[in-house]
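Some notes on the structure that comes next.
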Amino acid sequence: MNTDDDLPPEDPAAALRLIDEQRATAARQFEPDPRAYYWPWGLAWLIGFGLHFLYYSPGDTPLVGMPSWLPLTTLFVLLTAAGAVTAVAGVRAHGQVTGESARRGAWYGWSWGLGFLTIFVLAGRVSDSLPPDLIGLLWSALAVGLTGILHMAGGAIWMERPLFLLGVWITAVNVLGTIAGPGWHALVVSVAGGGGMLLAGLLGWLRRRGQA
Amino acid sequence: MTELDPVIHAQARLRVVASLSALPECDQVTFPRLQEVLGMTAGNLSVHLRRLEEAGYVAVTKTHRGRTPVTLIALTRRGRLAFEEYTEAIRSLLAPADVKETP
């Protein structure tokens, strides 16, 4: 084997095939699986915000009875799990690569962290003076809004149209849900927001398989 | 027939260069990771990398991450260009009819 691989490819067709296959293999290894990036978050939104809609429903009575701690706990557990899955997939793909893109990714990560810190401080500061249903809306609309904007920014940084469009979609859903009010916001973020992420993961995965 | 770059026109080195070309410019990959992507033995990969480095196609940087020594590998601008030219040459060999346009 070691002596064979020093030989030239058999013919131009074989050489081109080798180039295409190797580039596709390498791209797959250096890029994380889109499913690992989108699906855990999509599921977390679908289930977590779905429970919020069912419990903190529009109107005064919950659509489905459940312990009051369940919706928020479920959302946080699922979001944490999603963060872990994404981190593992990211380290697996990018961990052994350094250079400009690593710095880009790190700065982008800092934007997320500091963005959410800003939201937590702000929402925490004003929550006491709001009625309970608006507190929920404030936190989720700010968090979902920041997520949408950072997806758009990510699309701009990596010149990735699907990521940018997902950001536009999340932003639109968030604005409409906020106008519709508490309860309804959770419903549209769950179905349209979470569903959009699941769809983005599916499309990314299909595109990647098409390239292989 | 067009002269094909002898440094790249060998299966193993073509695979190395093609893999490195999948990285964004200005990025480097560690030796073990590249080895994993290519499925080559460390010794074999070293030999081919040395050849590519001598041609100026690949830059090998030895550095430290904490106390662990790390070897980082990247395609140079010259290497990227050579790979593009090689791919072009292969394409034109495959489709000579397309190249000659009829007026």
Side-chain angles (χ1 to χ4, degrees), chain A residues 1-34 88-109 154-160 163 207-212, chain B residues 1-2 4-41 43-48 51 59 61 63 65 70-75 83-84 86-96:
Chain A
M1 180 72 201
N2 285 13
T3 44
D4 282 1
D5 68 3
D6 218 4
L7 293 174
E10 276 173 38
D11 52 46
L16 199 61
R17 211 161 43 238
L18 193 97
I19 290 171
D20 288 343
E21 280 171 11
Q22 194 60 46
R23 273 180 65 87
T25 308
R28 254 199 318 281
Q29 297 254 7
F30 293 137
E31 292 277 318
D33 190 327
V88 169
V91 166
R92 186 80 199 93
H94 301 305
Q96 302 290 309
V97 177
T98 57
E100 234 168 54
S101 69
R103 211 171 316 146
R104 215 175 271 212
W107 290 357
Y108 186 59
I157 294 166
W158 287 283
M159 275 290 138
E160 259 193 56
L163 190 60
R207 198 166 48 132
R208 180 181 158 110
R209 276 185 17 155
Q211 285 165 353
Chain B
M1 192 175 134
T2 335
L4 288 168
D5 190 332
V7 180
I8 301 185
H9 194 52
Q11 287 180 44
R13 287 191 296 277
L14 182 56
R15 288 183 60 219
V16 173
V17 173
S19 296
L20 288 173
S21 78
L23 279 176
E25 260 182 285
C26 306
D27 273 8
Q28 300 161 297
V29 62
T30 64
F31 185 92
R33 183 75 174 118
L34 182 63
Q35 200 193 324
E36 190 186 0
V37 169
L38 288 163
M40 285 185 181
T41 64
N44 198 14
L45 180 56
S46 297
V47 170
H48 292 299
R51 183 83 197 275
T61 318
T63 176
R65 205 177 266 176
V70 190
T71 305
L72 297 169
I73 297 135
L75 211 54
F83 174 64
E84 276 161 19
Y86 177 85
T87 312
E88 274 309 303
I90 289 288
R91 286 228 164 85
S92 65
L93 282 177
L94 273 174

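Residue numbering restarts at 1 for every chain, and letters A, B, ... go by the order of the sequence lines.
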Exercise for the section: Pick one of side chain, backbone, both or neither for B:F31, based on which atoms fall under 4.5 Å of a heavy atom in chain A. Expected result: neither
Exercise for the section: Specify the closest pair of heavy atoms between B:A18 and A:R23, including all atoms of both residues, with the distance to one decimal. Expected result: O-CG, 3.4 Å
Practice task
Please report the shortest heavy-atom distance between A:A26 and B:A22, naming the atom on each side.
Solution key: CB-CB, 3.8 Å
Exercise for the section: Give, for atom OG1 of A:T98 and atom CG of B:L72, the distance between the pair rounded to the nearest 0.5 Å. Expected result: 4.5 Å
Problem - Residue pair A:Q22 / B:L38, side-chain heavy-atom distance below 4.5 Å - result: yes
Exercise for the section: For residues A:P12 and B:R91, determine if any side-chain heavy atom of one lies less than 4.5 Å from a side-chain heavy atom of the other. Expected result: no
Enumerate donor-acceptor pairs with a distance under 3.5 Å from any side-chain N or O in residues 100-107 of chain A to protein atoms, sequence neighbours excluded.
unit_1, atom_1, unit_2, atom_2, d
A:S101, OG, B:D27, OD1, 3.3
A:S101, OG, B:D27, OD2, 2.2
A:R104, NH1, A:I157, O, 3.3

Handout entry: Interface moiety of B:R51 toward chain A, non-hydrogen atoms closer than 4.5 Å
Key = neither
Completion exercise
CD (A:Q96) and CD (B:E36) are apart, to the nearest 0.5 Å, by 8.0 Å
Practice task
Identify, with sequence neighbours excluded, every residue that meets salt bridge (Lys or Arg N to Asp or Glu O under 4.0 Å) alongside A:E160.
Solution key: none
Exercise for the section: May I ask you to check whether over 12 heavy atoms, not counting those of A:E10, lie within 6.0 Å of atom CD? Expected result: no
Handout entry: Between CG on residue B:L34 and CD on residue A:Q29, distance to nearest 0.5 Å
Key = 10.5 Å
Fill in the blank from the handout: Applying a strict 4.5 Å limit to non-hydrogen atoms, the region of A:I19 in contact with chain B is both
Practice task
Looking only at non-hydrogen atoms, find the nearest pair between A:F30 and B:S19 and report the distance.
Solution key: CE1-O, 3.8 Å
